Amino acid sequence: MPNTSNTGNTHEQEQESLFAAVDALLEEAAQDPLPHPDERKRLREAAGLSQDQIAKALAVRRETVTSWETGRTSPRPPKRAAYARLLEGLTALHPVNGVNAVNAAPIPATAPEAHAPQPKTEPQHGEGTPRQPTPHPTAEAHTAHPVAPVNGVNATPPLAAATAATTLNAIAAPTAPRANTPEPEPNPQLPEGTRTDSAVNPPEPGAKPQRQADTGTATPQPPTHTTAPRQHPAPATTPPPPQPTTTPTTPQPGPATPQAETGTPQTGPHTPQAGPRTPQTEPHTSQAGPRTPLEGTGTPQTEPHTFQAGPRTPLEGTGTPQTEPHTSQAGPRTPLEGTGTPLEGTGTPQAGTGTSQAGPRTPQTGPHTPLQGNGPLAVLTGTGQAHTTAGLILDHPTTGGLPALLTWALTEANLRSPRLHRNGKDGDPLLVLTAPAVESLGLPLTLEDRRALRLPDNHPTLKQLAKNKWQLTRRGFGPWPRIYRPATPTTGRQCVQLAILPWGALDPRAWGEDTATLPAPELAELLTTYAARVLTPRGSTAVTGLELMTALRPPTRAARDEATNTWVSAPVPGSLTRPVDPAPPEAPDEHPVVASLYPRSHQRTPDQVLDEEAYDWIRDPQLLTDAECARTHAVGIDVNMAFAAAANRLVVGLGPATHTTSPRFDPKLPGCWLADLSSLDVELDPRLPNPFTPHGKPPTGPAWYATPTLAYAQELGHDVRPTEAWIRPDNGPYLDAWYTRLRDAYMATMADLGVTPSLTEPEFLKAMSTHKQDPEAATGTRTQISASVLSAIKSTVKGGIGKLRERPQGAAYRPGEPWPALERPTWRPDIRAAVISTARVNMHRKMLKLARTADLHPIAVLSDCAVYLSDGPSPLDFLPHTPDGKPLPGGFRLGVNPGMVKHEGTQPLLWAVQMLDEGLNPARHIKGHDAAAHGE
């Protein structure tokens, strides 16, 4: 007889086990929800936080945060709840939009309640003012507008909500037919009687924007030959909608006056602007379906339509709600590998479709700032026409001289450049003047003052500007003049940037040869691509690189003073908020700090000055081995974006330096340290450059070093004992956002040229050898545009770092006197020294790895280029690999990403030896010309 008791116990135990497993699943499902790992990383980078900061706040290791952001592991309680709370707060500050969408978690679609048709007027935010916090919505607002931040990026259309199984965004979201459902009511949260219009961002009088289906951003319809920015409405086929009512907006701090030195508005306390808005009074009807408002213009919609997934959320920094998602007619786009951001076409859209022209190579734009209005700039040809984005041609006034042109740029032209940070300011319109346009305005084709590159003060154009109450910044009327009127509460900000091509506004060393002579449509496309990926040019690429730092991390924000209940200017955490004096070792010889310590003719020694510069080193020819002399080629490899890669995650000082004696060295504390590295505890190979000096020779005594240099000495096994230091306790990763922006721009432009991270090493070398040649294009114009943008991006990196220690200019300067650049918060020689020190240390670390594992030693190093002797002409002939064929870990690796290397050039062995015998650096001439002289 079977034992039924044992059988019953077995069943009960099995059932308890199953119940326990189910309970575990329920407990797992009940945990705090987390966004996609890519979205976690995006939120952290958007907030300017490092993984170290997250790890410190959550009491975990940095590697743990890395695992969370890559999806290898998931946080467990109690860390999970705290991490979810952090991400929830960052999501509120940096919502997902059509530009930064990275696998955002899908949100259930919620259809809004039906309302009576009401056109809505979008809130405007002044050019020089950040958006202000608004009161929390009422319960009714929550009912009408669900809290879930559904927008055109993560919206799930109602018809597809039941079957959607994957995350939807503006690229892959299915579309649903529109019903005649009215718009939701205007935002009830904003106070009455406020005004944020300015001359740069006025309500649009009558332009009819059309959404580009491929990008989801507001771009004008590109006609074959449009002759005026104002497009007249077609005959109405439906009854006109009710006239829009004024939508109150949030108080805005007043715009600041332009700064004298750089031509940018200076940062200071702001005052709110107030005043009623003027609603648009002309109803329009669309021939191509319902129109959506142009982002940032406040133009109301003329026909109601349905929301596909609930209320729209504003784009960060624009104050403009997104419209419904659009799907590309050319199929889904492939994200740029390594960025997690979809790529978008840059070709001229086809009329009526919004998709790029089909071709063998589709240009990619990568992560970029969405275009608003007619784009950020216009190229004037002198014939009364201005070329803007997507091939659009506008008419501009040909009478009234330059003042009339400035007024047109601020009003009818509808040129817009959205801010990059919610506390920043929108960019000014840029007018690019070709030679015919210069002549038509009565300006000379060449400047007589070749030294100062300035128009004489008695020129009729300057008198005409003064008569119309326009002013110039301190740098005067040169190749990049900035013209403005002082801001008032009624007029707002009025400022226009000019670029005068015949005067050398586009330096060929930065933008490439013949860029300034491109036809106006191609030049407009080139500059618009650069503006969307980097920043609207505000001067040379060096000036733009410095301005990009401020645009991504503004110094101040608007905050409400609880005592007076007024808006005041407050510092932005993590930004450079005010000018600070450098430490004496960090200051250049001309600085007043140095002049107060040493006589004018004094030559400072290494123990008195910080000398952190890039490598310029050659090996002694006597140290060449017999094996090296038997090789046939000298091959140069160059690190991609070396200074940008060095800025990534680099902690730099934000505030003033503090002096201390006999400090304990802290590798995480930025500053400069006086230490003796002339006698190390470990012996260094003489066939390698010394890592502590730019000339590569060993130091001879005590000297000042930046923190990354001493940290590397400690990494090599030296007992670092500084005797004196200037440290900066207030510090942070100030350049993280700057690096990310330029990295994405660089990767997107390289993808335009056919070079992507997915290529194998041989494929990468082949693509790099032909990436500036376009055999598939008859004229090669597309390749020339991408190559010019790439050159400008590289120059922006190097020039921006160099501008951190801008030295005095002009024959009238006297040593010891302050110069205008010292008034900038971004005049920071200590940050420049830290970046260069990190780049040099990174270079040496990889060279040391090759020397120890493969017995390979360079014969010359110049900045980010190293020359090795090889048995063949390719880097693959000498770069070591592991037994399974992968690149040597910790060494140089071929690839397109910043920090990887590319082939710089190859020359015969005898040529390299002759250069060494003559005391010349082969790395400087490995490409066949002087790389430094060509701006490389």
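Being a predicted model, the structure only gives us computed values, none of them experimental. Note that these values count all heavy atoms, side chains included, but never hydrogens, waters or copies made by symmetry.
One finds the NZ atom of K902 at 11.0 Å from the CG atom of L894 (value rounded to the nearest 0.5 Å). Remark: I801 CD1 to R832 CZ distance equals 9.0 Å, nearest 0.5 Å. Taking CD of E45 as the reference point, atom CG of N648 lies at 8.0 Å (rounded to 0.5 Å). Note that the CG atom of L677 and the CG atom of N690 stand 8.5 Å from one another [nearest 0.5 Å]. Atom CG of residue L87 and atom NE2 of residue H94 lie 12.0 Å apart, to the nearest 0.5 angstrom. Rounded to the nearest 0.5 angstrom, L58 CG and K79 NZ are separated by 7.0 Å.
Looking at R533 and D744, no side-chain N of the basic residue comes within less than 4.0 Å of a carboxylate O on the acidic one, giving no salt bridge. A salt bridge links D855 to R687: at least one charged side-chain nitrogen sits closer than 4.0 Å to a carboxylate oxygen. Checked for salt-bridge contact, R728 and E586 meet the test: a charged N lies under 4.0 Å from a carboxylate O. A salt bridge between E823 and R578 is absent, with no side-chain N of the basic residue lying under 4.0 Å from a carboxylate O of the acidic one. With respect to E612 and R840, a salt bridge is recorded, a charged nitrogen being found less than 4.0 Å from a carboxylate O. Salt bridge status for R62 with E69: absent, with no side-chain N to carboxylate O gap under 4.0 Å. Between R828 and D830 there is a salt bridge, since at least one side-chain N of the basic residue sits less than 4.0 Å from a carboxylate O of the acidic one. Salt-bridge annotation for R721 and D676: absent, with no side-chain N of the basic residue lying under 4.0 Å from a carboxylate O of the acidic one.
Between T556 and T577, the closest side-chain pair of non-hydrogen atoms is not below 4.5 Å. For the pair D611 and P694, the minimum side-chain heavy-atom distance is below 4.5 Å. Contact check for S837 versus T709: side-chain heavy atoms found under the 4.5 Å cut-off. Side-chain contact between R61 and T66 is absent, with no heavy-atom pair separated by less than 4.5 Å. Contact of the N731 side chain with the V652 side chain is not registered, since no non-hydrogen atoms from C-beta on lie closer than 4.5 Å. Between E904 and I637, the closest side-chain pair of non-hydrogen atoms is not below 4.5 Å. A 4.5 Å side-chain heavy-atom check between L546 and T550 finds every atom pair outside the cut-off. The shortest side-chain heavy-atom distance between S678 and T700 does not fall under the 4.5 Å cut-off.
The local environment of CD in Q603 is sparse, with at most 12 non-hydrogen atoms from other residues, nucleotides or ligands closer than 6.0 Å.
S791 approaches R509 most closely through the heavy-atom pair OG-O, 4.1 Å. Counting all heavy atoms, side chain and backbone alike, L610 lies closest to A833 at CD2-CB, 3.7 Å. Considering every non-hydrogen atom in both V594 and P584, the closest pair reads CG2-O, 4.2 Å. Between E628 and L623 the shortest heavy-atom distance is OE1-O, 4.2 Å. The shortest non-hydrogen separation linking L688 to A851 is CD1-CB, 4.0 Å. When every heavy atom of S795 is checked against every heavy atom of A510, the shortest pair comes out as OG-CB, 3.3 Å.
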Verdict with reasoning, E806 to K803, per salt bridge (charged side-chain N to carboxylate O under 4.0 Å, His left out): CA-CA 5 Å; E806 182 180 358; K803 274 283 185 179; 3.1 Å; yes
One pair to check against side-chain hydrogen bond (donor to acceptor under 3.5 Å, both in side chains): N897 and N640. What are the steps and the verdict? CA-CA 7 Å; N897 296 75; N640 303 324; over 6 Å; no
Go through the steps for Y746 and L790 under the test side-chain contact (heavy atoms from CB on, under 4.5 Å), then give the verdict. CA-CA 7 Å; Y746 171 80; L790 179 64; 3.5 Å; yes
Would I859 and L869 count as a side-chain contact (heavy atoms from CB on, under 4.5 Å) here? Give the steps. CA-CA 7 Å; I859 63 170; L869 298 181; 3.8 Å; yes
Step-by-step salt bridge (charged side-chain N to carboxylate O under 4.0 Å, His left out) determination, D736 to R553: CA-CA 10 Å; D736 268 10; R553 290 196 181 273; 5.6 Å; no
Does the side-chain contact (heavy atoms from CB on, under 4.5 Å) test come out yes or no for K798 and F643, once each step is laid out? CA-CA 7 Å; K798 292 186 177 181; F643 294 119; 4.0 Å; yes
Is there a side-chain hydrogen bond (donor to acceptor under 3.5 Å, both in side chains) between Q608 and H602? Walk through the geometry before answering. CA-CA 11 Å; Q608 297 172 340; H602 178 73; 2.9 Å; yes
Decide side-chain contact (heavy atoms from CB on, under 4.5 Å) for R40 and Y83; before the verdict, give the C-alpha distance in whole Å, the side-chain angles of both, and the deciding distance to 0.1 Å. CA-CA 10 Å; R40 302 171 199 172; Y83 189 47; 3.6 Å; yes
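Donor-acceptor pairing under 3.5 Å is lacking for the side chains of S50 and D52. For the residue pair T658 and W726, no side-chain donor N or O sits within less than 3.5 Å of a side-chain acceptor on the partner.
Classified by interplanar angle (parallel below 30°, tilted 30° to 60°, perpendicular above 60°), the ring pair F878/Y868 is parallel. Aromatic ring pairs are classed by plane angle as parallel below 30°, tilted from 30° to 60° and perpendicular above 60°; the pair H844 and Y615 is tilted.
With H718 contributing its side chain and V720 its backbone, the two residues share no donor-acceptor pair below 3.5 Å. Of the possible donor and acceptor atoms, one in the side chain of T707 sits under 3.5 Å from a partner among the backbone N and O of L669. For Y813 (side chain) and E590 (main-chain N/O), a donor-acceptor pair under 3.5 Å exists by modelled atom type. Side-chain atoms of S67 come within 3.5 Å of backbone atoms of E63 as a donor-acceptor pair (strictly under, hydrogens ignored). For R619 (side chain) and H857 (main-chain N/O), a donor-acceptor pair under 3.5 Å exists by modelled atom type.
Put simply, the residue from R824, K425, R538 that forms a salt bridge (Lys or Arg N to Asp or Glu O under 4.0 Å) with E547 is R538. Applying the side-chain contact (heavy atoms from CB on, under 4.5 Å) test between L674 and each of P722, P585, P663, P702 identifies P702 as the sole match.
For H591 and W827, the ring centers sit closer than 6.0 Å to each other.
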